[in-house]
Amino acid sequence: QVQLVESGGGLVQAGGSLRLSCALPGRTNSDYRMGWFRQAPGKEREFVGCIRWSTGSTFYVDSVKDRFTISKDNAKNTVDLQMNRLKPEDTAVYYCAAQTSPSAYFFTSARGNAYKYDSWGQGTQVTVSS
């Protein structure tokens, strides 16, 4: 497991942008899969996208593709979620998560599976007004 500390979030009008950041202050491994999830009130937690630390390769669900971008900064040990053209339906608590075990991050089939992520941030609220 690894400690994850989220920052960012807030209130924005539809069409606006927000940037979330996830810090890994105790990162020791050279590879993880870092995922972003969100959970709206009354709904199940939803996978948004992920990035492989070693390669930088990313994956996004269709609902956010071309609007959201996940990036990493090796020097700062952070993973960011840049959200553009936000919509009211993007309103949710956003969580970053990490797969620290090779038995998870080696397999693309595990990238959207919340149960395969062993470390979670505290969550941050994103509210998009119409």
Side chain to side chain contact (heavy atoms under 4.5 Å, CB included) between Val64 and Arg38, worked out
CA-CA 12 Å; Val64 306; Arg38 64 187 181 185; 4.0 Å; yes
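- Arg85 CZ to Arg67 CZ: the interatomic distance, rounded to the nearest 0.5 Å, is 7.0 Å.
- Judged purely by atom type and a 3.5 angstrom limit, Gln39 has no side-chain atom pairing as donor or acceptor with the backbone of Gly123.
- Annotation for Thr55 and Ser57: closest pair OG1-OG, 3.0 Å, computed over non-hydrogen atoms.
- Annotation: the span from Arg33 atom CZ to Ser54 atom OG amounts to 9.5 Å, rounded to 0.5 Å.
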Checking side chain to side chain contact (heavy atoms under 4.5 Å, CB included) for the pair Leu11/Gln125: CA distance, chi angles, key distance, verdict?
CA-CA 8 Å; Leu11 174 65; Gln125 178 70 46; over 6 Å; no
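- For NZ of Lys65, the number of neighbouring non-hydrogen atoms (other residues, nucleotides, ligands) closer than 6.0 Å is greater than 12.
- Note on ring orientation: taking the six-membered ring where Trp is involved, the planes of Tyr117 and Phe37 are perpendicular (angle over 60°, cut-offs 30° and 60°).
- From Lys116, atom NZ reaches atom OG of Ser101 across 8.5 Å, with rounding to the nearest 0.5 Å.
- Minimum heavy-atom separation, Pro88 to Ala14: CD-CB, 4.1 Å.
- Ring planes of Phe59 and Phe47: parallel class, angle under 30° (limits at 30 and 60°).
- Cluster membership for Val128 and Val61, using ILVMFWY side-chain heavy atoms within less than 4.5 angstrom, is shared.
- Residues satisfying the disulfide bond (SG atoms under 2.5 Å apart) criterion with Cys22, sequence neighbours excluded, are Cys96.
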Check the pair Gln99 / Phe107 against side chain to side chain contact (heavy atoms under 4.5 Å, CB included), numbers first and verdict last.
CA-CA 11 Å; Gln99 290 176 347; Phe107 300 97; over 6 Å; no
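- Between Lys87 and Asp90 no salt bridge is recorded (no basic side-chain N to carboxylate O distance below 4.0 Å).
- The shortest distance between side-chain heavy atoms of Tyr60 and Asp66 does not fall below 4.5 Å.
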Working for side chain to side chain contact (heavy atoms under 4.5 Å, CB included), residues Asn77 and Trp53
CA-CA 10 Å; Asn77 283 342; Trp53 193 276; 4.1 Å; yes
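- Checking each of Leu18, Val93, Leu20 against Thr124 for a side-chain contact (heavy atoms from CB on, under 4.5 Å) leaves exactly one that passes, namely Leu20.
- Expressed to the nearest 0.5 Å, how far CG of Asp118 lies from OH of Tyr32 amounts to 9.0 Å.
- Few gaps surround NZ on Lys72; more than 12 heavy atoms of other groups in view lie less than 6.0 Å from it.
- The shortest distance between side-chain heavy atoms of Leu4 and Leu24 falls below 4.5 Å.
- How far OH of Tyr94 is from CG of Leu81: 7.5 Å, rounded to the nearest 0.5 Å.
- The residue from Thr69, Asp80, Asn84 that alone fulfils the side-chain hydrogen bond (donor to acceptor under 3.5 Å, both in side chains) condition with Arg19 is Asp80.
- Side-chain heavy atoms closer than 4.5 Å link hydrophobic residues (I, L, V, M, F, W, Y) into clusters, and following such links, even through other members, never connects Trp120 to Val5.
- Here the side chains of Ile70 and Met34 are not in contact, with every heavy-atom distance at 4.5 Å or above.
- Residues Arg111 and Cys50 come closest through the heavy atom pair CB-SG, 3.7 Å.
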